[in-house]
Chemist: 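I am attaching a structure below and will ask some questions about it afterwards.
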Amino acid sequence: MHFAGQHVLCTEQFDRRSLIELFQEAEAMGAYVKSSHPDRPLEEKILATLFFEPSTRTRFSFETAMLRLGGSVISNSAMLTNSSIVKGETLSDTGQMVSRFADVIVMRHPKSGAVAELAKGSLVPVINAGDGAADHPTQGLLDLYTIHKEKGEIDGLKIGLIGDLKYSRVFHAQAKFLSNFEVTLYLISPAELKMPPEIVDFLKKRSIEIVESNSLKEVLGELDVISTSRIQEERFSDRNEFVRLRRAFVFNREVMRGAKKEAILLSPLPRVDEIDPEIDNDPRCKYFDQVSNGVAVRMALLDLLLS
Ligand code: NCD
């Protein structure tokens, strides 16, 4: 992938080479943040963040990344209720408008494909910060960067994606990014929340070894990477089903006894039921470190897109 000037709309845009390039750049950005006399490569640039869905980490992470690179930020965190979308402006026109103000746009929306719709009207790069249940490429990037950083290498790992594989856009992004490496993927979910068949087909076409199961216990002890996430309440049409499944998998001290000593546990956060805070100090839990890695990855991405 040639980064400069590109939209970042979906995970499939990245190949192994561009992922590794991005990890190298993210490593440099981590060092840059710690250095005492940073230059300001994006001093003249403006980032616009347009959020049509709640966010704590992703929006702050992008905005922090831009500010650390010397750039500026304009932001609307309540686009659904507090923008001209309310008056009937189309996403494409909104993209056209915002790109007259900003040099890069980051957007989140509850509908799959909505970010691509806005990008059609935009004259500047648009980055998908989550579109419905479909995709969340930059979360997937920071998750893989965390694996790369913690494990040294992604090839050869046994990686479990555990929870709501149907609705979690983060699992969708992780699975597709991981298909660029030689990994074994354990897809662990309740029967109602299995990985969408088109993603399983995508993985199979890339010859990824897949183990599908609804039992965490059977496989936990084999995993090098344990990736979990909350059950996605807002995507369920039947609330009773959510209530029934919300505690399908819970990581606590007892469960972590069954995991490898050198395994790592990842989550994009927020956590609700699936991670008991009693394990926060377990050195295998990397979910807070992921947040710092996310800033470095987004700095790398913004710099590559805008340079
Ligand atoms: C994720 C999201 O928005 O998809 N959050 C995030 O970006 N860190 C995960 C989630 O909401 O469960």
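When a ligand or atom number is given, it counts from 1 through the structure's own listing order. A quick note: this is a predicted structure, and the numbers were derived from the prediction, not measured.
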Chemist: Where the closest heavy atom to atom 1 (C) of ligand 1 is concerned, which of Ile231, Thr56, Val170, Leu142 has it?
Modeler: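 When every heavy atom of Ile231, Thr56, Val170, Leu142 is considered, Val170 comes closest to atom 1 (C) of ligand 1.
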
Chemist: Scan side-chain atoms only and decide if Thr146 and Asn293 contain a donor-acceptor pair under the 3.5 Å cut-off.
Modeler: yes

Chemist: To check your reading of the model: name the closest protein heavy atom to atom 9 (C) of ligand 1, its residue, and the distance in Å.
Modeler: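 Here the closest protein heavy atom is Leu269 O, 3.7 Å.
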
Chemist: At a 4.0 Å threshold, what atoms of ligand 1 neighbour a non-hydrogen atom of Gln139?
Modeler: 6 (C), 7 (O), 8 (N)

Chemist: Using a strict cut-off of 4.0 Å, indicate which atoms of ligand 1 neighbour a heavy atom of His136.
Modeler: 2 (C), 4 (O), 6 (C), 7 (O)

Chemist: Thinking salt bridges, do Arg169 and Glu53 make one under a 4.0 Å N-O criterion?
Modeler: yes

Chemist: Which of the atoms in ligand 1, numbered in the order shown and given with their element, are less than 4.0 Å from a heavy-atom of Gln232?
Modeler: 10 (C), 12 (O)

Chemist: Please indicate whether any nitrogen or oxygen in Glu234 is less than 3.5 Å from any nitrogen or oxygen in ligand 1.
Modeler: no

Chemist: For the CZ atom of Phe288 and the CG atom of Asp280, what is their distance to the nearest 0.5 Å?
Modeler: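 Reported value, rounded in 0.5 Å steps: 4.5 Å.
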
Chemist: For ligand 1, which atoms sit closer than 4.0 Å to a heavy atom of Thr58?
Modeler: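 What qualifies from ligand 1 is 6 (C), 7 (O).
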
Chemist: Give me the residue, atom name and distance of the protein heavy atom closest to atom 12 (O) of ligand 1.
Modeler: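 Going atom by atom, the protein heavy atom closest to atom 12 (O) of ligand 1 ends up being Arg230 NE, 2.7 Å.
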
Chemist: Should you measure from each heavy atom of Arg57, which atoms of ligand 1 turn up under 4.0 Å away?
Modeler: 8 (N)

Chemist: Mind checking whether Glu53 contacts ligand 1 via backbone (N, CA, C, O), side chain (CB onward), both or neither, at a 4.0 Å heavy-atom cut-off?
Modeler: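 Answer for Glu53: neither.
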
Chemist: Check the pair Val272 / Glu233 against side chain to side chain contact (heavy atoms under 4.5 Å, CB included), numbers first and verdict last.
Modeler: CA-CA 10 Å; Val272 189; Glu233 178 174 7; over 6 Å; no

Chemist: Mark yes or no: Arg298 above the aromatic ring of Phe62, with NZ or CZ under 6.0 Å from the six-membered ring centre and no more than 45 degrees from the axis.
Modeler: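 Geometry flag: set, cation within 6.0 Å and 45°.
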
Chemist: Hey, is Arg244 close enough to Glu241 for a salt bridge, meaning N to O under 4.0 Å?
Modeler: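 Judged by the 4.0 Å cut-off on N to carboxylate O distance, Arg244 and Glu241 do form a salt bridge.
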
Chemist: Write out the residue and atom name of the closest protein heavy atom to atom 4 (O) of ligand 1, then the distance separating them to 0.1 Å.
Modeler: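 For this ligand atom, the closest protein heavy atom is Arg169 NE, 2.8 Å.
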
Chemist: What part of Pro270, side chain, backbone, both or neither, has a heavy atom within less than 4.0 angstrom of ligand 1?
Modeler: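 Near ligand 1, Pro270 shows its side chain, while the N, CA, C and O stay back.
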
Chemist: Among Phe171, Phe14, Phe23, exactly one meets ring pair (Phe, Tyr, Trp, His ring centres under 6.0 Å) together with Phe177. Which residue is that?
Modeler: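 Only one of Phe171, Phe14, Phe23 forms a ring pair (Phe, Tyr, Trp, His ring centres under 6.0 Å) with Phe177, namely Phe14.
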
Chemist: Does a donor on one side chain sit under 3.5 Å from an acceptor on the other, for Ser292 and Asp289?
Modeler: no

